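Only one structure is covered here, and it is reproduced in the block below.
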Amino acid sequence: MIATLIVAWIIFIILWKLLKATLSSALTIAAILILLNISFGITPQDIWHHIMQFTQTLSQLQNGK
């Protein structure tokens, strides 16, 4: 019973740290997107479009086209 509680506590701590890191990253990305939108008028769709273009360019370079 005690071993089960210890394992459960360890899993809880790991999940809590993971959740905290995820939320921290998500809030940072959201803040950057909001600042880009307010400062320069850059929307998340614009950023996504450039990311997709970049991945296509990398794919074409790898294929030698």
Side-chain angles (χ1 to χ4, degrees):
M1 179 73 174
I2 293 176
T4 303
L5 289 175
I6 292 172
V7 170
W9 182 253
I10 292 170
I11 291 173
F12 173 76
I13 295 297
I14 291 170
L15 289 176
W16 179 253
K17 288 181 181 183
L18 181 66
L19 179 67
K20 207 164 77 169
T22 302
L23 286 176
S24 174
S25 297
L27 289 175
T28 302
I29 291 170
I32 291 170
L33 288 175
I34 290 169
L35 287 173
L36 284 173
N37 195 347
I38 291 171
S39 301
F40 303 109
I42 298 172
T43 64
Q45 291 82 10
D46 294 333
I47 295 170
W48 186 252
H49 176 72
H50 284 287
I51 290 171
M52 298 314 296
Q53 260 185 329
F54 182 70
T55 56
Q56 288 175 353
T57 303
L58 285 179
S59 173
Q60 289 173 354
L61 287 174
Q62 281 183 338
N63 293 334
K65 293 181 179 179

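Atom set for the values below is all heavy atoms of this structure, side chains included, hydrogens, waters and symmetry mates excluded. Since this is a predicted model, take the numbers as computed values, not measurements.
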Flag side-chain contact, heavy atom, 4.5 Å: Trp9 against Leu5:
no
If you look only at distance, which donor and acceptor atoms sit under 3.5 Å apart when one is on a side chain in residues 39-46 and the other is two or more places apart or in another chain?
residue, atom, partner, partner atom, Å
Ser39, OG, Leu35, O, 2.9
Thr43, OG1, Gln45, OE1, 3.4
Thr43, OG1, Asp46, N, 3.2
Thr43, OG1, Asp46, OD2, 3.1
Asp46, OD2, Thr43, N, 3.2

Any chance you could measure Leu15, atom CG, to Lys20, atom NZ, to the nearest 0.5 Å?
13.5 Å
Check residues 23-33 and write down every donor-acceptor pair under 3.5 Å in which the side-chain atom is one partner and the other belongs to a residue at least two apart or another chain.
residue, atom, partner, partner atom, Å
Ser25, OG, Ala21, O, 3.1
Thr28, OG1, Ser24, O, 2.9

Do Ile14 and Ile10 pass the side-chain contact (heavy atoms from CB on, under 4.5 Å) test, and can you show the C-alpha distance, the side-chain angles, and the key distance before you say yes or no?
CA-CA 6 Å; Ile14 291 170; Ile10 292 170; 3.9 Å; yes
